[in-house]
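Let me begin by presenting the structure, written as structure tokens, before commenting on it.
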Amino acid sequence: MDDLAPLALRSFSARPDAAGAIAAWLDYLTIERRCSSRTVEAYARDMAQFCAFLTEHLGGEPDLMELSILSAADF
């Protein structure tokens, strides 16, 4: 993965399992989908902002289980 993801991961407000899944997804976008670095940067930024929102909304950093049970009202 390029140098953008480590910067984004440091700013994620998420538990390690969720942050790891996000990192794997960013790797997939970079390596397998060959998305541009600006696209990956934009997705990483969006995920960081969403995780920050969820941390406040849920009262703590989200993990994969909490992400899997979000309802439409949570968005």
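Note that this is a predicted model, so its numbers are computed, not measured.
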Check for me, please, whether [X] and [Y] land in the same ILVMFWY cluster - side-chain distances under 4.5 Å, paths through other members count.
| X | Y | answer |
| --- | --- | --- |
| Leu64 | Phe75 | yes |
| Ile22 | Val40 | yes |
| Phe50 | Phe12 | no |

Straight-line distance of [X] [atom1] to [Y] [atom2], nearest 0.5 Å:
| X | Y | atom1 | atom2 | result |
| --- | --- | --- | --- | --- |
| Leu54 | Gln49 | CG | CD | 12.0 Å |
| Asp46 | Cys51 | CG | SG | 11.0 Å |
| Thr39 | Arg34 | OG1 | CZ | 13.5 Å |

* Asked: Between the side chain of Ser13 and the main-chain N/O of Thr55, is any donor-acceptor distance below 3.5 Å?
  -> no
* Asked: Does Asp17 reach the main-chain N or O of Asp63 with its side chain, forming a donor-acceptor pair under 3.5 Å?
  -> no
* Asked: Heavy-atom distance under 4.5 Å between the side chains of Ile69 and Asp74, does that happen here?
  -> no
* Would you say Leu70 and Pro62 make side-chain contact, with heavy atoms under 4.5 Å? -> no
* **Residues Asp27 and Thr30: side-chain donor-acceptor under 3.5 angstrom** => no
* Give the minimum heavy-atom separation between Glu61 and Glu66, together with the two atoms involved. =>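 The answer is O-OE1, 3.4 Å.
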* **Closest heavy-atom pair and its distance - Ala14, Ala19** =>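 What the structure gives for the nearest pair is CB-N, 4.2 Å.
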* Asked: Relative to the ring of Tyr43, is the ring of Trp25 parallel (under 30°), tilted (30 to 60°) or perpendicular (over 60°)?
  ->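 Geometry flag for Tyr43 against Trp25: perpendicular rings.
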